[in-house]
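Notes for the one structure printed next.
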Amino acid sequence: MSFTEITVTELAAKLADFDTPCQFVDVREPEELAIVQLPRFINLPLREYGNWSPEIYTRLDQDTATVVLCHHGMRSAQMCQWLITQGFTQVSNIIGGIDAYSHHVDPSLPKY
């Protein structure tokens, strides 16, 4: 099994849809979140994997759609692959990450 990839436009639609269950994960570092972050995302910094990975099943539901974000889409792809190995069934990586989102969906967001 592998993860899917979604565009930032598809992400915007998911963020606006409060009726369909979806969990949002941002794997960027706290200093990146201080620059810009999106609502509804929980932060699980990839660098702190050792701290949060033992609690992954209490933090996230493996059968709920899970969308993963980072700066450009590389770290989030790593997280997506790991989630699949942990039994998560509906995992999506955001193509281009927060950088693409700030260019194509909401240009008012800070860029870095």
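None of these values were measured; they are calculated from a predicted model.
Ring geometry for Tyr112 versus His71: interplanar angle under 30°, hence parallel rather than tilted (30 to 60°).
Hydrophobic clustering (side-chain heavy atoms under 4.5 Å, transitive across Ile, Leu, Val, Met, Phe, Trp, Tyr) groups Leu83 together with Trp52. Hydrophobic clustering (ILVMFWY, side-chain heavy atoms < 4.5 Å, transitive): Leu46 and Val67 are in distinct clusters. Follow the hydrophobic side-chain contacts under 4.5 Å out from Val8 and you reach Ile35 in the same cluster. Neither Val27 nor Val36 shares a network with the other; the hydrophobic side chains, linked directly or stepwise wherever heavy atoms of I, L, V, M, F, W or Y lie under 4.5 Å apart, form separate groups for each. Hydrophobic cluster membership is shared by Tyr57 and Val68, with clusters built from Ile, Leu, Val, Met, Phe, Trp and Tyr side chains linked at under 4.5 angstrom.
Between Phe88 and Ile56 the shortest side-chain heavy-atom distance falls below 4.5 Å. At a threshold of 4.5 Å between non-hydrogen side-chain atoms, the residues Leu38 and Leu109 count as touching. Two residues are said to be in side-chain contact when any heavy atoms from C-beta on lie closer than 4.5 Å; Asn93 and Thr4 fail this criterion. Contact annotation: the side chain of Gln62 never approaches that of Gln86 to less than 4.5 Å [non-hydrogen atoms, C-beta and beyond]. By the 4.5 Å heavy-atom criterion applied to side chains, Met79 and Tyr49 are not counted as neighbours. The shortest side-chain heavy-atom distance between Pro45 and Pro30 falls under the 4.5 Å cut-off. Using a 4.5 Å heavy-atom threshold, the side chains of Leu44 and Ile42 count as touching. Annotation: side chain of Ser53 is in contact with side chain of Trp82 (closest heavy-atom distance under 4.5 Å).
In this structure, Phe3 CZ and Ser76 OG are separated by 8.0 Å, a value rounded to the nearest 0.5 Å. For the atom pair Arg40 CZ and Cys22 SG, the distance stands at 7.0 Å (nearest 0.5 Å). Considering NE2 of His104 and CD1 of Ile95, their distance stands at 11.0 Å, rounded to 0.5 Å. One finds the CZ atom of Phe24 at 4.5 Å from the CG atom of Leu15 (value rounded to the nearest 0.5 Å). In this structure, His72 NE2 and Ile94 CD1 are separated by 13.5 Å, a value rounded to the nearest 0.5 Å.
Environment of CZ in Arg59: sparse, with no more than 12 heavy atoms of neighbouring residues, nucleotides or ligands closer than 6.0 Å.
Under the 6.0 Å distance and 45° angle rule, Arg28 does not count as a cation-pi partner of Phe41.
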TODO: Go through Thr58 and Glu55 one step at a time and tell me if the side-chain hydrogen bond (donor to acceptor under 3.5 Å, both in side chains) criterion holds.
DONE: CA-CA 5 Å; Thr58 58; Glu55 303 168 354; 5.2 Å; no

- [ ] Mind running salt bridge (Lys or Arg N to Asp or Glu O under 4.0 Å) on Glu48 and Arg75 for me, showing each step along the way?
- [x] CA-CA 12 Å; Glu48 296 175 20; Arg75 286 175 286 174; over 6 Å; no

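Just one residue in the list Asn43, Leu69, Thr66, Val91 forms a side chain to side chain contact (heavy atoms under 4.5 Å, CB included) with Val25, and that residue is Thr66.
The two residues Ser102 and Pro110 have their closest heavy-atom pair at CB-O, 4.3 Å. The minimum heavy-atom distance linking Glu10 with Ile6 is given by the pair OE1-CA, 3.2 Å.
A distance-only check finds a donor-acceptor pair linking the side chain of Gln90 to the backbone of Asp63 [under 3.5 Å].
Ion pair Glu32/Lys111 not flagged as a salt bridge, since none of the NZ, NE, NH1 or NH2 atoms sits closer than 4.0 Å to an Asp/Glu carboxylate oxygen.
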